[in-house]
Amino acid sequence: MADVTREIERKYEAVAGIRLPDLTGVAGTAASVPRGVVELDAVYYDTEDFRLAAGSVTLRRRTGGDDEGWHVKFPVVPGVRDEIRAPLSDTLPDALAGLIRSRVRGRPVVPVVRLLSSREVHHLADAGGRLLAELSVDTVLAERLTVDGAGATAGWTEIEVELADDGDPAFLDAVEERFAGAGVHASAFASKVGRALAGTAPGKQTGSGTRAGGEPGTAGEQVLAHVRRQAEAIVTLDPAVRRDLPDAVHRMRVATRRLRSAFKTYRKVLDRAVTDQLGAELKWLASELGTGRDHEVLEARLSGRVDGVEPTLLLGPVRGRLERWGAAERADARRRILAALDSERYLALLDSLDALLAGPPLLPAAGEDAATLARAVLKDHHRLAARVHHALDLPPGHDRDLAMHEARKAAKRTRYAAEAARPALGKPAKRLGKRVKAVQSLLGDHQDGVVARDTLRSMAVHAHGAGESAFTWGLLYGREEAAAARLEDELPRVWARASGARLRAALKS
């Protein structure tokens with residue numbers, strides 16, 4: 001079983017002639033307690049083309065210290081990483097192999113660099129002896145293990161300050177301020193392995209590997225930048241989905257939908273002969289992810305509705321039936337999602353996205369300016385307008401429910417189109433996206449109610465069949481109907497804000 005810790009730390013250069021300042025009195029620090037020296041031996045792994053390093057992911061097998069074993073680290077925000085650990089073994093544990101699968105895609109991970117570190121540890125504690133942070137001075141020797149540059153070495157000394165569990169990140173700010181006053185400055189590298197690879201590479205390249213460059217200019221560059229962001233989001237969120245982190249499934253599903261929407265909206269920029277097949281595969285992935293996300297939304301909605309029922313109107317084992325249904329649906333959705341992520345079809349999709357970005361199928365319109373993007377966004381907006389008006393022209397009932405669901409999909413596509421074009425079109429695209437999002441949210445709430453009514457009816461049937469009262473389920477069904485009617489009455493007002501002529505004209509200018 002893998003263990004997870006959140007690592008919040010900062011790294012600093014240890015420069016000859018500059019001493020560490022006394023940290024007593026910094027943000028409640030009463031003492032710096034020496035904890036001795038630990039010898040660490042870590043071998044870092046990656047693919048031959050450094051796919052993990054490209055995603056700022058590190059994989060190592062370390063001996064020595066109190067946390068020896070296999071570790072994989074994923075960036076969260078600068079200075080914060082999630083570290084997943086597995087016990088020491090000769091081969092990479094399956095639990096960790098799955099977490100890097102979206103990056104390595106079946107390619108073997110091989111040793112790329114070995115780090116020998118002599119770590120002098122100090123505990124920064126408050127007056128009560130509570131640990132605030134661990135300060136380490138690491139003397140590091142790195143040896144390149146890859147064929148190119150094998151045997152090359154690099155050495156350095158660095159300082160790490162790692163926040164204690166449940167510590168306040170402001171503590172690190174105070175330490176950094178004290179360090180700066182003493183001439184101790186932040187490291188240019190986010191990780192030891194990054195520094196080791198740079199320092200031992202052929203030609204001894206240095207730097208963090210960050211690529212400079214301004215915003216792209218042509219329509220094709222804008223669309224490709226958007227596609228690249230969404231493709232990277234899928235790969236980055238894969239481990240979070242596997243770990244069942246909150247909102248991970250939703251965010252990954254949104255990335256697939258944004259990609260598919262971009263291929264449809266900007267079909268005059270990217271050749272449909274290539275993107276249509278990719279769009280079909282993205283639709284499949286979104287559907288597999290949707291089993292979990294849709295249930296998550298529905299369960300939260302029904303639980304909230306039950307919580308809002310007066311105790312005297314809760315007849316029968318309503319909560320128990322809802323909890324059993326929720327648990328069964330969650331387990332089934334989880335199995336389905338993991339099966340999709342472990343499939344060859346999914347890996348083939350990721351490879352196809354890489355291939356598209358490496359050799360984009362650009363059409364002549366790709367060389368045009370932002371006006372091309374504006375026209376595409378407005379075309380989606382016109383489609384949305386037609387669907388909203390069609391839904392409003394229908395009487396309440398099944399046909400209107402279907403029409404509002406189609407309008408919701410059109411709203412989502414228009415919003416995604418505006419978001420993709422925002423770097424080029426600026427505030428008008430932002431404003432349009434925001435107002436269309438309000439339409440999408442209303443229509444989404446309406447559709448969630450439609451699905452909830454179907455589920456409540458099914459719950460009532462099963463409750464009746466089991467000899468239980470179906471009264472509460474019927475009550476909830478009626479409340480969902482009333483909520484849907486209010487949303488339908490509200491739609492014209494919300495749509496009016498997203499359909500104004502001035503809003504569309506601003507996009508063209």
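Atom CZ of Arg243 sits in a crowded spot, with more than 12 heavy atoms from other residues, nucleotides or ligands closer than 6.0 Å. Heavy atoms from other residues, nucleotides or ligands lying under 6.0 Å from CZ of Arg457 number 12 at most. Annotation for Glu48: atom CD does not count as buried by contact number, only 12 or fewer foreign heavy atoms lying within 6.0 Å. Under a cut-off of 6.0 angstrom, the local environment of CZ in Arg497 is sparse, with at most 12 non-hydrogen atoms contributed by other residues, nucleotides or ligands. Within a 6.0 Å radius of CG in Asp307, more than 12 heavy atoms belonging to other residues, nucleotides or ligands are found. No more than 12 heavy-atom neighbours from other residues, nucleotides or ligands sit within 6.0 angstrom of CZ on Arg422.
Using a 4.0 Å cut-off between a side-chain N of Lys or Arg and a carboxylate O of Asp or Glu, Glu296 and Arg293 qualify as a salt bridge. Remark: Arg336 does not engage Asp332 in a salt bridge, criterion side-chain N to carboxylate O under 4.0 Å. Between Asp445 and Arg408 no salt bridge is recorded (no basic side-chain N to carboxylate O distance below 4.0 Å). Salt bridge Lys11/Glu158: present, at least one basic N to carboxylate O contact under 4.0 Å. The pair Arg85-Glu83 meets the salt-bridge criterion, with a side-chain N (NZ, NE, NH1 or NH2) lying under 4.0 Å from an Asp/Glu carboxylate O. Salt-bridge annotation for Lys437 and Glu419: absent, with no side-chain N of the basic residue lying under 4.0 Å from a carboxylate O of the acidic one. A salt bridge links Glu344 with Arg101: the distance from a Lys NZ or Arg NE/NH1/NH2 to an Asp or Glu carboxylate oxygen falls below 4.0 Å.
We find the OG1-CD1 distance between Thr5 and Ile84 to be 8.0 Å, quoted to the nearest 0.5 Å. Between Arg62 atom CZ and Leu40 atom CG the span is 5.0 Å, to the nearest 0.5 Å. Within the model, atoms CG of Asp46 and CG of Leu197 stand 7.5 Å from one another, a figure rounded to the nearest 0.5 Å. In this structure, CD in Glu368 is found 9.5 Å from CG in Leu373, a value given to the nearest 0.5 Å. Atom CG of Leu442 sits about 5.0 Å away from atom CG of Leu487, to the nearest 0.5 Å. Here CG of Leu282 is found 12.5 Å from OG of Ser287. Values are rounded to the nearest 0.5 Å.
Counting heavy atoms from C-beta outward, Gln447 and Met404 have side chains that stay 4.5 Å or more apart. Between Glu299 and Glu329, every side-chain heavy-atom pair lies at or beyond the 4.5 Å cut-off. Side-chain contact between His226 and Gln230 is present, with at least one heavy-atom pair separated by less than 4.5 Å. Contact check for Trp156 versus Glu13: no side-chain heavy atoms found under the 4.5 Å cut-off. Side-chain contact between Leu270 and Leu362 is present, with heavy atoms from C-beta onward closer than 4.5 Å. A 4.5 Å side-chain heavy-atom check between Leu349 and Ile234 finds every atom pair outside the cut-off. Lys73 has its side chain out of reach of Ser191: every pair of non-hydrogen atoms, C-beta onward, lies at least 4.5 Å apart. Side-chain atoms of Arg10 and Val175, non-hydrogen and from C-beta on, never get closer than 4.5 Å to each other.
With no hydrogens or angles considered, a side-chain donor-acceptor pair links Thr372 and Arg375 at under 3.5 Å. Looking only at atom types and distance, the side chain of Arg103 has a donor-acceptor partner in the side chain of Thr236 under 3.5 Å away. Side-chain contact of Gln440 with Arg415: a donor-acceptor pair under 3.5 Å is present, judged by distance alone.
Looking at Arg267, its side chain does come within 3.5 Å of a backbone N or O of Lys264 through a donor-acceptor pair. Formation of a donor-acceptor pair under 3.5 Å by the His446 side chain with backbone atoms of His405 is not found in this model. With Thr218 contributing its side chain and Gly367 its backbone, the two residues share no donor-acceptor pair below 3.5 Å. Although no hydrogens or angles enter the test, the distance criterion places a donor-acceptor pair under 3.5 Å between the side chain of Thr414 and the main chain of Asp380. With hydrogens and angles ignored, the 3.5 Å screen pairs no side-chain donor or acceptor of Asp138 with any backbone N or O of Val140. In terms of modelled atom types and a separation under 3.5 Å, the side chain of Tyr266 and the main chain of Ala417 share a donor-acceptor contact. The backbone N or O of Arg257 sits nowhere less than 3.5 Å from a side-chain atom of Ser261 that would complete a donor-acceptor pair. Arg242 places a side-chain N or O within 3.5 Å of a backbone atom of Leu341 that can act as its donor or acceptor partner. Side chain of Glu221 to backbone of Gly217: a donor-acceptor contact under 3.5 angstrom is found. Side chain of Glu480 to backbone of Leu476: no donor-acceptor contact under 3.5 angstrom is found.
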Asp244 and Arg330: salt bridge (charged side-chain N to carboxylate O under 4.0 Å, His left out), yes or no, with the steps? CA-CA 11 Å; Asp244 204 18; Arg330 281 196 304 275; over 6 Å; no
Just do the side chain to side chain contact (heavy atoms under 4.5 Å, CB included) check on Glu9 and Arg81 with the steps written out, would you? CA-CA 9 Å; Glu9 69 175 17; Arg81 295 187 291 180; 3.5 Å; yes
Applying side chain to side chain contact (heavy atoms under 4.5 Å, CB included), run through Glu160 and Arg119 and close with a yes or a no. CA-CA 10 Å; Glu160 288 186 3; Arg119 169 167 290 181; 3.5 Å; yes
Stepwise side chain to side chain contact (heavy atoms under 4.5 Å, CB included) check, Val451 with Asp294: CA-CA 9 Å; Val451 175; Asp294 290 345; over 6 Å; no
Run Val76 and Arg6 through side chain to side chain contact (heavy atoms under 4.5 Å, CB included) and show every step you take. CA-CA 9 Å; Val76 179; Arg6 175 147 292 184; 3.7 Å; yes
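Of the candidates Lys412, Arg387, Arg413, Arg387 is the only one forming a salt bridge (Lys or Arg N to Asp or Glu O under 4.0 Å) with Glu406.
Ala452 and Leu298 get closest at one heavy-atom pair: CA-CD1, 3.7 Å. Of all non-hydrogen atoms in Leu384 and Ala407, the two that sit nearest each other are CD1-O, 3.5 Å. When all heavy atoms of Ala27 and Leu132 are compared, the pair lying nearest together is O-CD1, 4.2 Å. Pairing each heavy atom of Ala498 with each of Val436, the nearest pair is CB-N, 4.1 Å. The minimum heavy-atom distance between Glu68 and Thr63, with the atom names listed, is OE1-CA, 3.5 Å. Contact between Val377 and Ala421 at its shortest, heavy atoms only, is CG2-CB, 4.1 Å.
In this structure, Tyr45 and Trp70 have tilted ring planes: the angle between them lies in the 30° to 60° band.
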